[in-house]
Amino acid sequence: MEKRSKDKEISTIRKRTLLPDKLKESQMKDRFWAVSPLDYRYYGADKEVFDRLNPYVSERAFIKYQLTIEAALAKQLAHKDWHVCTKEQANEIVQACKQVTTSEVMEEERSLHHVVRALVNCIQKKVSPSARPYVHLFATSNDITDTATALRLKDLTINVLMPDLVELEQILISLAREYADTPQIGRTHGKHAEPITFGFALATYVDRILGRIKRLVESADNLRGKFSGSVGAYNALSLRYPQDPALFEKQLLESLGLKPSEGGISTQIVEPEYVTDLAYAVVSSFSVLANLADDIRNLHRTEIGEVQEFYEDEEVGSSTMPHKANPKNFEHVKSMWKATMPRIVTVFMDQISEHQRDLTNSASERFLIELFVAFDYSVTRLTSALRKLSVNVERMRANLEMSKDWTVAEPLYILLALNGLPDAYSRTRELVRQSEKLGISLIDLVQRDQRIRAILDRLDSAQLAVLKDPSKYVGASGQRTRAVADNAELNMSMVLSQRIKGSISDLSLEHFREQVKPFYHYMGLEPNESATTSEARESDNPQSGAEVS
């Protein structure tokens, strides 16, 4: 007993002396106290991104979502189908949920070491004795937290990630159409292959991102909640409603726009596959972005020089080389992907929870939200960079011309085969080797072969043009680019039609962003405490000024 008392005294002294009170206060207001670069350098340093994400991703937001579930539970208890408490008692609880602050909950949690019980205690302190028994009634912690997680991740995906990705998709569609017929050398294995168009190169990403948008929305809409108690068997609810306790869960979740697990069964926690599917969709989308960013970054290389990221006059690319203008924003996207992509392994590991529940995924799950933050920040950064991308059409043509003597080999061999030359591929390959050895262009060398020249004499003007000018050998690049762009717009309209009326445009996306709110807003649970981290946050965008990597 004496040792416990002494340990408590030492702990109290440590808490007092670790940081002076004023320093503790400034720690909450100054983002440079943060450990994560997401907070002090990226998300926390960009006011627009911060304001858009914070209502969903902050710990304050998570508490608000949990209070939303508690308020919805109180309303359900007073519903005419259940009559567990009176409407007046339920209303007391709902009003109390509006008043509870994150600071109160965290202060209560310091002694309890259980955040949900702390939240419940804070609600109970604000209601009358007659209403108190009905706070958190029938619920276990994960009935509240897992349902709150599903609700806020759904809101975050639909209200923030989706419109941001759609905006990126719109820019890519615009660029793809603009450069649909701009010849560019295609590259495989880092070497010149066959001609395409720059629009075609971008159209492949238009299609890939479209697929990811659809998967993200589908995964978000499929998130599930639960209200089945501490082992998932509705033990507590069965004391009052033994016939069909699952109906209470179904109605409660419906009031929140959610459903129970597909099979109508869970343990203490929601089956983790629903969140896993969404996390995978985010990581998979992030990988497409990283691939696009890497391709654009490589086109910046001095020896390629087909594109250039725009730099403001005051921006600096190097601390010692005044001439440098690096593709920093495209490099950032790949770098951020590298930092966050491996987290999907943790998400997969968090699918395992012993028997009906253990705490081996309790800490690791808390980091999941950072994946969403890093992804959305990178989406907006890539969008901004693509808006200001300068395309060097002349350099694309010059690079195409550089290897025209060799890229003609494929159309030559195909045309020879179509005209009956039995060993067309082998003969063309032999001519390529001779061309390299003699330093004579392939087409000039072909003219010396009477058998092949006889075939060339039978070709029409369009086929001959392909052999003389590699920019003519772009296949269906332009056609496919326009078809993919049209298809993407149609599909986005179909996917978003329930949420965004009319055509998908910058204006309609802006209107959507203005209208959508976190779910707790509709429950009347507006944040009633200011975001202290924003008070000292600099409003400068990190994309201007010093290079951010």
Side-chain angles (χ1 to χ4, degrees), residues 32 36-49 164 167-168 171-172 174-176 178-179 182 184-187 189-192 198-199 201-202 204-205 209 285-342 373-400 402 538-549:
F32 298 110
S36 172
L38 277 176
D39 294 322
Y40 68 76
R41 189 171 182 84
Y42 303 122
Y43 153 74
D46 188 317
K47 185 178 186 305
E48 184 178 342
V49 172
D164 287 351
E167 184 177 351
L168 172 63
I171 291 167
L172 281 172
S174 176
L175 287 170
E178 182 178 355
Y179 297 103
T182 301
Q184 180 193 35
I185 187 64
R187 295 173 173 89
H189 309 280
K191 297 177 73 66
H192 286 196
F198 185 49
L202 295 175
T204 61
Y205 287 103
I209 291 174
S285 301
F286 210 159
S287 296
V288 176
L289 262 60
N291 200 165
L292 168 61
D294 210 32
D295 276 356
I296 300 295
R297 178 181 71 87
N298 277 303
L299 294 179
H300 278 76
R301 293 180 181 277
T302 304
E303 60 273 22
I304 297 176
E306 295 182 357
V307 298
Q308 178 57 54
E309 182 175 331
F310 175 78
Y311 263 58
E312 299 285 354
D313 289 343
E314 67 273 17
E315 286 189 271
V316 174
S318 167
S319 64
T320 187
M321 295 175 284
H323 66 283
K324 290 299 290 296
N326 305 320
K328 62 181 182 183
N329 289 307
F330 298 99
E331 290 176 312
H332 164 85
V333 172
K334 185 178 181 181
S335 185
M336 188 72 87
W337 168 78
K338 285 165 56 182
T340 52
M341 179 273 293
V373 173
F375 173 65
D376 189 66
Y377 178 81
S378 295
V379 170
T380 58
R381 189 129 171 206
L382 183 56
T383 298
S384 175
L386 285 172
R387 283 191 187 279
K388 299 181 288 188
L389 187 69
S390 174
V391 178
N392 192 332
V393 175
E394 292 76 19
R395 190 62 179 267
M396 286 185 180
R397 178 70 190 214
N399 287 339
L400 184 60
M402 186 190 306
E538 297 172 356
S539 60
D540 294 305
N541 190 316
Q543 295 180 43
S544 63
E547 181 168 350
V548 179
S549 60

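By convention here, the first residue in the shown sequence is residue 1. Below, each value reflects all heavy atoms present in this structure, side chains not excepted, and no hydrogens, waters or symmetry copies.
Note that CD of Glu331 is 9.0 Å distant from CG of Asp294, once rounded to the nearest 0.5 Å. Between Leu202 atom CG and Leu386 atom CG the span is 8.0 Å, to the nearest 0.5 Å. Between the CG atom of Leu168 and the OH atom of Tyr205 there is a distance of 12.0 Å, given to the nearest 0.5 Å. Taken from CD1 in Ile296 to NZ in Lys334, the straight-line distance is 13.5 Å, to the nearest 0.5 Å. To the nearest 0.5 Å, atom OG1 of residue Thr204 and atom CG of residue Asp295 are 7.5 Å apart. Within the model, atoms CD of Gln308 and NZ of Lys388 stand 12.0 Å from one another, a figure rounded to the nearest 0.5 Å.
Partners of Asn298 under the side-chain hydrogen bond (donor to acceptor under 3.5 Å, both in side chains) rule, at least two apart in sequence or in another chain, are Arg301. Scanning for side-chain hydrogen bond (donor to acceptor under 3.5 Å, both in side chains) contacts around Asn392 gives an empty result, with sequence neighbours left out. For His300, the ring pair (Phe, Tyr, Trp, His ring centres under 6.0 Å) criterion is met by Phe330, not counting sequence neighbours. When the side-chain hydrogen bond (donor to acceptor under 3.5 Å, both in side chains) test is applied to Arg387, the partners found at least two apart in sequence or on another chain are Glu167. For Tyr179, the ring pair (Phe, Tyr, Trp, His ring centres under 6.0 Å) partners two or more places apart in sequence, or in a different chain, are Phe198. Take Ser174 and apply the side-chain hydrogen bond (donor to acceptor under 3.5 Å, both in side chains) test, not counting sequence neighbours, and it matches no residue.
In this structure, the side chain of Ser384 does not engage the main chain of Arg381 through any donor-acceptor pair within 3.5 Å.
Centroid-to-centroid, the aromatic rings of Tyr377 and Tyr43 stay 6.0 Å apart or farther.
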**OP:** Give the intermediate values and the outcome of side-chain contact (heavy atoms from CB on, under 4.5 Å) for residues Ile185 and Met402.
**Re:** CA-CA 9 Å; Ile185 187 64; Met402 186 190 306; over 6 Å; no
**OP:** Under the side-chain hydrogen bond (donor to acceptor under 3.5 Å, both in side chains) rule, what do Asn329 and Glu309 come out as? Steps first, then yes or no, please.
**Re:** CA-CA 8 Å; Asn329 289 307; Glu309 182 175 331; 2.5 Å; yes
Original post:
For Ser287 and Trp337, what are the C-alpha separation, side-chain angles and deciding distance, and is it a side-chain contact (heavy atoms from CB on, under 4.5 Å)?
Top reply: CA-CA 7 Å; Ser287 296; Trp337 168 78; 3.0 Å; yes
**OP:** For the pair Leu172 and Leu292, evaluate side-chain contact (heavy atoms from CB on, under 4.5 Å) and give the outcome as yes or no after the intermediate values.
**Re:** CA-CA 10 Å; Leu172 281 172; Leu292 168 61; 3.9 Å; yes
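Between Asn399 and the options Arg397, Met396, Arg395, a side-chain contact (heavy atoms from CB on, under 4.5 Å) holds for only Arg395.
Residues Tyr42 and Pro37 form a side-chain contact, since some pair of their non-hydrogen atoms from C-beta on lies under 4.5 Å apart. Under the 4.5 Å side-chain criterion, counting only non-hydrogen atoms from C-beta, Arg187 is in contact with Ile304. Side-chain contact between Thr383 and Asp164 is absent, with no heavy-atom pair separated by less than 4.5 Å. The shortest distance between side-chain heavy atoms of Phe286 and Ser378 falls below 4.5 Å.
Nearest heavy atom pair, residue Thr340 against residue Ala374, reads CG2-CB, 3.5 Å.
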